[in-house]
Amino acid sequence: MKDKSSLQAVRAQLTIGAAELRLVRLPLVTPFTIATGTMTEKTFPLLRLFSGGLEGVAEGVMDPLPDYLEETTRGAMAFLRDAVLPQVVGQTFENPAALNRLLAPWRGNQMARATVEMAFWDLWARSLNLPLGVLLGGSGDAIDVGVSLGIGPVDGTIERVKAHLDQGYKRIKLKIMPGHDLALVRAVRDRFPDAHLTVDANSSYTLADTALLARLDAFALDYIEQPLAWDDIHDHAVLQARLKTPICLDECIRSVAHARKALQTDAARVINIKVGRVGGYQAALGIHDISAAFDVPVWCGGMLESGVGRAHNIHLSTLPNFTRPGDTSSASRYFTRDIIAERLESRDGRMPVPKGAGIGVTLDHDFLATVSSEIQRVGQ
Ligand code: OSB
Ligand code: MG
């Protein structure tokens, strides 16, 4: 097989004839509570890019309100419709780097630009008749997965941990926040002494909580995810110097430059890569590679994605430095019915990589129509 640099240098001539953007709402099987609030449904923009008889698809990972990061569903949809898609439709790109050059002058909006870039990668991979993971430089037909469990009462959490360990999930991530931390982690660790456990605080602590966070060192966690402010790499470096437990950054890493600064200052000993958070695959690959250079493992996070975003995440997770289990668990944990025809279900903690070109899944158009609104088309 060709190596990844030669594959990514492959040239296609893809003219984007049209784009279609819509808002999708899917009810969640169970509400999901994290430090910033409770989600009962997943709302996301779904973007399709068309070129000849081919199409590429991706979903945006922004939330309705800017409580995880700054971008919002409505803001991103307006930015895509009014600014990005009119620039992209009608243009010819020979590879994703060419698309990224067009988007490069604009600041921020990583989730919105990722939506376009990811749809283009899917389209590009389909045009080359290659699985997206292979084109990215990955390998293997399944990936290791863990689960992320929302905040809830201690007893119920222990039951959910047991159920997921019994299903074979390779790592359990517990959401924590002030007031729901030490007692919860102690109870879960006492009951499951050998499990791979992590916690995710979603930026709900400050350096004033250093003593409390240091008490988590007693529970042999694989890492503590994003304890401090979403935009503060420096404070995480200060905290890491006072903790034995590795810090994993999520919200703080929205570009390759953020990853470089976190790695150079020892603010992160593990990195959660969400391709939809960092601006797309080009940035995700850069973060993957610089983390490997620092001997820092990465894993693929999730944003409760539908099958479209989930398939993208699975392909990304086939890259070699994704050595920790990701959050890309079975779609049926989130949705009773998905917007794709295929079922993305893990077995014994392994999620199969969808086969076929691109992300390897197909939209279930009949069902999709029933959960879509605000369908907008740019181009013919
Ligand atoms: O911080 O990783 C996070 C979900 C929504 C917003 C932020 C996060 C999460 C998760 C869930 O942890 C991951 C998933 O199961 O998709
Ligand atoms: Mg997180």
Side-chain angles (χ1 to χ4, degrees), residues 26 28-44 59-73 110-111 143-152 157 160-161 164 167 169-177 180 197-205 221-231 236 246-254 258 262 268 270-278 287 298-314 316-317 324-335 338 344-346 349 351:
L26 290 175
L28 289 173
V29 170
T30 37
F32 188 72
T33 300
I34 66 175
T36 53
T38 298
M39 284 162 264
T40 57
E41 65 169 15
K42 172 71 186 173
T43 309
F44 59 94
E59 68 184 86
V61 300
M62 59 296 287
D63 290 316
L65 294 173
D67 48 14
Y68 166 75
L69 284 171
E70 293 165 293
E71 291 176 78
T72 62
T73 317
Q110 285 92 339
M111 293 173 170
I143 57 159
D144 282 351
V145 284
V147 279
S148 173
L149 300 180
I151 291 171
T157 302
R160 285 185 294 151
V161 172
H164 286 97
Q167 288 168 43
Y169 282 106
K170 293 185 187 290
R171 176 274 279 146
I172 305 287
K173 157 165 143 185
L174 303 170
K175 291 288 186 175
I176 60 167
M177 61 187 279
H180 293 270
L197 287 184
T198 72
V199 295
D200 185 357
N202 287 108
S203 297
S204 56
Y205 297 88
L221 301 174
D222 288 1
Y223 48 81
I224 300 177
E225 186 175 339
Q226 194 68 39
L228 308 179
W230 65 275
D231 60 349
H236 283 96
I247 289 177
C248 170
L249 290 181
D250 173 351
E251 285 91 326
C252 272
I253 307 299
R254 304 178 306 285
H258 289 144
V270 180
I271 290 182
N272 166 340
I273 299 182
K274 294 175 181 168
V275 53
R277 180 194 75 226
V278 302
I287 296 168
V298 304
W299 57 278
C300 182
M303 291 293 285
L304 317 180
E305 286 95 340
S306 83
V308 169
R310 199 165 295 274
H312 274 282
N313 291 341
I314 295 167
L316 178 66
S317 305
R324 303 296 182 92
D327 274 346
T328 307
S329 54
S330 294
S332 61
R333 295 185 60 249
Y334 307 82
F335 312 111
D338 203 344
L344 299 179
E345 300 296 303
S346 71
M351 174 66 84

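The structure presented is a predicted model; accordingly, all values stated were derived computationally and were not measured. Every number for a ligand or one of its atoms is a count from 1 in the order of the listing.
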(message) Using 30° and 60° as the class boundaries, would you call the ring planes of Y223 and W299 parallel, tilted or perpendicular?
(response) parallel
(message) How far is atom 6 (C) of ligand 1 from the closest protein heavy atom, and which atom is that?
(response) M303 SD, 3.5 Å
(request) Return the residue, atom name and 0.1 Å-rounded distance of the protein heavy atom closest to atom 4 (C) of ligand 1. (result) F32 CE2, 3.5 Å
(request) For the residue pair T72 and M62, establish whether any side-chain heavy-atom pair is separated by less than 4.5 Å. (result) no
(request) Could you tell me whether N272 and ligand 1 have an N or O pair separated by under 3.5 Å? (result) no
(request) Among the N/O/S atoms of D250, select the one at the shortest distance from the Mg ion (ligand 2) and name it. (result) OD2
(message) If you measure every N or O of D250 against every N or O of ligand 1, does any of those distances drop under 3.5 Å?
(response) yes
(message) Any donor-acceptor pair under 3.5 Å linking the side-chain atoms of E345 with those of S332?
(response) yes
(request) Kindly indicate whether the side chain of L28, heavy atoms from C-beta on, has any atom under 4.5 Å from the side chain of T40. (result) no
(request) Give the atoms of ligand 1, by number and element, whose distance to some non-hydrogen atom of K274 is under 4.0 Å. (result) 1 (O), 2 (O), 3 (C), 7 (C), 8 (C)
(message) Considering G37, S148, G301 one by one, which has a heavy atom nearer to atom 12 (O) of ligand 1 than any of the others?
(response) S148
(message) So if I count the atoms of ligand 1 from 1 in the order they appear, which ones are less than 4.0 Å from some heavy atom of L304?
(response) 11 (C), 14 (C), 15 (O), 16 (O)
(message) Checking the side chain of T73 only, and the main-chain atoms of D63 only, is there a donor and an acceptor separated by less than 3.5 Å?
(response) yes
(request) Out of Q226, E251, R310, K175, indicate the one that has the non-hydrogen atom closest to atom 10 (C) of ligand 1. (result) K175
(request) Decide whether an N or O pair under 3.5 Å exists between Y334 and ligand 1. (result) yes
(message) Test of understanding: given a 4.0 Å heavy-atom threshold, classify the contact between N202 and ligand 1 as side chain, backbone, both, or neither.
(response) side chain
(message) Suppose we only count N/O/S atoms under 2.8 Å; would D200 qualify as near the Mg ion (ligand 2)?
(response) yes
(request) Ignoring angles and geometry beyond distance, decide whether E305 reaches within less than 3.5 Å of ligand 1 through its nitrogen or oxygen atoms. (result) no
(request) Could you check atom 13 (C) of ligand 1 against the protein and tell me its nearest heavy-atom contact, residue, atom and distance included? (result) G302 O, 3.3 Å
(message) Could you check whether atom CD of Q167 has more than 12 heavy atoms from other residues, nucleotides or ligands sitting under 6.0 Å from it?
(response) yes
(message) I want to check something: taking the side chain as every heavy atom from C-beta on, are L304 and F44 in contact at a cut-off of under 4.5 Å?
(response) no
(request) Using distance alone, decide if ligand 1 has a nitrogen or oxygen within less than 3.5 Å of any nitrogen or oxygen in M39. (result) no
(message) Suppose we only allow N, O or S atoms; which atom of E225 ends up nearest to the Mg ion (ligand 2)?
(response) OE2
(request) Run through V298, T328, I273 and flag the one making a side chain to side chain contact (heavy atoms under 4.5 Å, CB included) with L316. (result) I273
(message) Taking only non-hydrogen atoms of E225, do any sit less than 4.0 angstrom from ligand 1?
(response) yes
(message) Using a 4.0 Å heavy-atom cut-off, which part of D63 comes near ligand 1: side chain, backbone, both, or neither?
(response) neither
(message) Could you tell me if R277 sits above the aromatic ring of Y68, with its cationic atom closer than 6.0 Å to the ring centre and no more than 45 degrees from the axis?
(response) no
(message) Can you tell whether the side chains of R171 and D327 come within less than 4.0 Å, N to carboxylate O?
(response) yes
(request) Scan side-chain atoms only and decide if Y334 and S329 contain a donor-acceptor pair under the 3.5 Å cut-off. (result) yes
